[in-house]
Amino acid sequence: YSGSNSVVLKHKDETQYGSDLKIKQVVNLGEGAYTLSFWAAGTAADHDDDEWRYQQMVWLWGSSEQWAYLSNMYTGEKDGDWAKYTLNFTVPAGATVGEFKLSTRGHGTNGLFLDDISIVKSGSTENLLTNGGFEEKEEVPEGPTYTTALEDYFKGWARNGGVTSN
């Protein structure tokens with residue numbers, strides 16, 4: 001959406017349909033109210049498509065586990081092919097969220113493009129995610145693991161095999 005880069009969750013071919021493609025980031029969220037927002041594009045982001053509707057999800061993992069379908073987060077705001085998604089959520093007293101994950105299990109090889117991802121605590125403007133605009137890339141270390149890949153990857157983000165830079 002903004003800047004030069006975005007990330008795409010994309011099945012390589014029909015044999016991967018239904019497999020879970022995701023990006024994730026460790027984030028330490030304590031008690032309080034938060035807003036998650038991001039922009040998405042591609043046929044996989046077509047909020048009117050019933051096949052897509054329940055295939056894209058947001059997960060917030062920790063002692064306070066929460067999740068939401070992207071289709072329920074659509075704000076109605078569009079800019080060209082991009083659509084904005086927002087989720088307001090609360091981490092209860094004594095609970096924490098330790099991991100944020102965006103995933104797709106949908107069909108199709110044209111992908112779910114994501115950009116400008118942020119989690120902001122109520123009363124603040126600071127994005128608690130690292131590199132939510134995917135503008136910072138890192139060198140790929142030798143011996144890639146689950147959290148890295150053979151292609152360029154983005155600082156702060158872990159991903160599995162079907163996620164690439166765009």
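Bear in mind the structure is a predicted one, so any value in this text is a computation, not a measurement.
Between W82 and F113, the ring-plane angle classifies as perpendicular under the 30° and 60° cut-offs. Under the 30°/60° scheme for interplanar angles, the aromatic rings of Y85 and Y74 are found to be tilted.
Listed here is the closest heavy atom pair of V91 and A95: CG1-O, 3.5 Å. Between E126 and S124, the shortest heavy-atom distance links the atoms N-OG, 3.0 Å. When all heavy atoms of M73 and A68 are compared, the closest pair comes out as SD-CB, 4.1 Å.
Here S37 contributes atom OG and K84 contributes atom NZ; the two are 4.5 Å apart, rounded to the nearest 0.5 Å. One distance of note links CG of N127 with CD1 of I117; it measures 9.0 Å at 0.5 Å rounding.
Here the side chain of E99 pairs no donor or acceptor atom with the backbone of K24 at under 3.5 angstrom. Looking at S118, its side chain never comes within 3.5 Å of a backbone N or O of V120 through a donor-acceptor pair. In this structure a side-chain-to-backbone donor-acceptor pair under 3.5 Å is present from K121 to E31. In terms of modelled atom types and a separation under 3.5 Å, the side chain of D116 and the main chain of S6 share no donor-acceptor contact. Remark: side-chain polar atoms of N131 are not paired, donor with acceptor, to backbone N or O of G156 under 3.5 angstrom.
When only modelled atom types and interatomic distance are considered, T86 and T75 share no side-chain donor-acceptor pair under 3.5 Å. Defined by atom type and a distance below 3.5 Å, a donor-acceptor pair is present between the side-chain atoms of D79 and Y1.
Ring to ring, W157 and F134 are close: their centroids are under 6.0 angstrom apart.
Side-chain contact between V27 and T130: absent, with no pair of heavy atoms (C-beta onward) separated by less than 4.5 Å. You'll find the side chain of Y34 stays beyond 4.5 Å of the side chain of V97, heavy atoms only. Looking at heavy atoms from C-beta onward, I119 lies in side-chain contact with L29 at the 4.5 angstrom threshold. At a threshold of 4.5 Å between non-hydrogen side-chain atoms, the residues L102 and L114 count as touching. With a 4.5 Å cut-off on side-chain heavy atoms, L129 and F100 count as touching.
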